[in-house]
Amino acid sequence: MAPKDPITSLQKIEQAIIAKAIQAVNATGKKIEEKLLRKHMSGPGDNSLAKRTGTAARSIHLEPAAVEAGGTLVAAKLYAGVIYAKVHFGPRGSEVTITPVKAKMLAIPLAAAKTGAGVARGGPTSGIWGPTKCFRSKAGNLIIWGYKTGRADMGTRQKTVTGGQGNAVSLSYAKKAMEEGELIPLFVLKDSVVIKRRIDPKVDLAQWAKPILAGEIKKAGLLKAG
């Protein structure tokens, strides 16, 4: 019987170890993904996001573990597929300042411009509001207002109060209409907004996963239990 080639034997051992490591990393990655969705993307909190459309949660993707090219490191990747995820993920206590890209100001939807789930029904120029007006609130904020009347009534009402002169209405009329509940605030205009990051990948996920990974490695037979 020919002696075994030591190189081939070592390669087989290495492949078996890598396979078990991949198994352990995949199992850990799955538990991290489950924690992220269950505890950090299911409702508002200090380290959790409100679930509105569910787009961000649906974009979470776990890539299976693999050996990185040119090395022996086994790694898996967990990421969000939406560009705005970087606003919510980052070091604990850090903040992100959002500024307008194309428009002059940011239009932040208020309650009347949002669905019950907190999603904007449309933008200030989408046309679904009928005639809109811009006035400053008592606090000094620039607010876009819309009429509470039905869509079919908006054109007639607008023509009546302006004398047919475009969208110009007097501030006194706006105040009166607001007091009577005819005008409702839709958007507040801001030069920028500051968003506090809620999910810290290092603290909420990586550090939490360390004992999980150790347990999975033991389960795979790569470390002695105890």
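Quick caveat: nothing in here was measured; it's all calculated off a predicted structure. FYI, the numbering just counts along the sequence from 1. Because only heavy atoms are used, hydrogens play no part in the values below, and waters and symmetry mates are left out as well, while side chains stay in.
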Practice problem: Run the numbers on Asn26 and Lys30 for side-chain contact (heavy atoms from CB on, under 4.5 Å), then give the verdict. | Solution: CA-CA 6 Å; Asn26 278 335; Lys30 187 63 179 175; over 6 Å; no

Exercise. Under the side-chain contact (heavy atoms from CB on, under 4.5 Å) rule, what do Lys190 and Asn141 come out as? Steps first, then yes or no, please.
Key: CA-CA 8 Å; Lys190 297 283 187 180; Asn141 294 316; 3.3 Å; yes

Quiz item: Given the rule in the salt bridge (charged side-chain N to carboxylate O under 4.0 Å, His left out) test, do Lys31 and Glu34 qualify, once you have shown the distances and angles that lead to the verdict?
Solution: CA-CA 5 Å; Lys31 290 178 180 178; Glu34 290 172 353; over 6 Å; no

Donor-acceptor pairs under 3.5 angstrom involving side-chain atoms of residues 12-21: please list them, not counting sequence neighbours.
none

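With a 6.0 Å radius and a threshold of 12 heavy atoms from other residues, nucleotides or ligands, Leu73 has its CG atom above the threshold. Around atom NZ of Lys35, more than 12 heavy atoms belonging to other residues, nucleotides or ligands sit under 6.0 Å away.
For the side-chain contact (heavy atoms from CB on, under 4.5 Å) with Leu106, the qualifying choice from Leu189, Asp191, Val193, Val188 is Val193, the only one to do so.
Both Leu222 and Ile22 are part of a single hydrophobic cluster, where members link through side-chain heavy atoms under 4.5 Å apart. Hydrophobic clustering of Ile, Leu, Val, Met, Phe, Trp and Tyr side chains at less than 4.5 Å, counting indirect connections, keeps Tyr84 apart from Ile195. Note on Val67: it clusters hydrophobically with Leu213, by side-chain heavy-atom contacts below 4.5 Å among ILVMFWY residues.
Ala112 approaches Pro185 most closely through the heavy-atom pair CB-O, 3.6 Å. When all heavy atoms of Thr97 and Ser192 are compared, the pair lying nearest together is CG2-CB, 4.0 Å. In terms of heavy-atom proximity, Pro109 sits nearest to Ala120 at CG-CB, 4.0 Å. Taking every heavy atom of both residues into account, Arg136 and Gly140 meet most closely at NH1-O, 2.9 Å. Minimum heavy-atom separation, Gly90 to Arg197: CA-CD, 3.2 Å. Between Phe187 and Ala113 the shortest heavy-atom distance is CZ-CB, 4.0 Å.
A 4.5 Å side-chain heavy-atom check between Arg92 and Asp204 finds at least one atom pair inside the cut-off. Annotation: side chain of Val96 is not in contact with side chain of Lys86 (no heavy-atom distance under 4.5 Å). Contact annotation: the side chain of Leu142 approaches that of Cys134 to within less than 4.5 Å [non-hydrogen atoms, C-beta and beyond].
Other cluster members for Ile32: Leu36, Leu37, Met41, Leu49, Ile60, Leu62, Leu78, Phe89, Ile199, Leu205, Trp208, Ile212, joined by side-chain heavy-atom distances under 4.5 Å among Ile, Leu, Val, Met, Phe, Trp and Tyr.
The line from NZ of Lys196 to CG of Asp46 is 6.5 Å long, rounded to the nearest 0.5 Å. Here the CD1-CD1 distance, from Ile144 to Ile108, works out to 10.5 Å after rounding to the nearest 0.5 Å.
Among residues two or more places apart in sequence or in another chain, the side-chain hydrogen bond (donor to acceptor under 3.5 Å, both in side chains) test is passed with Thr115 by none.
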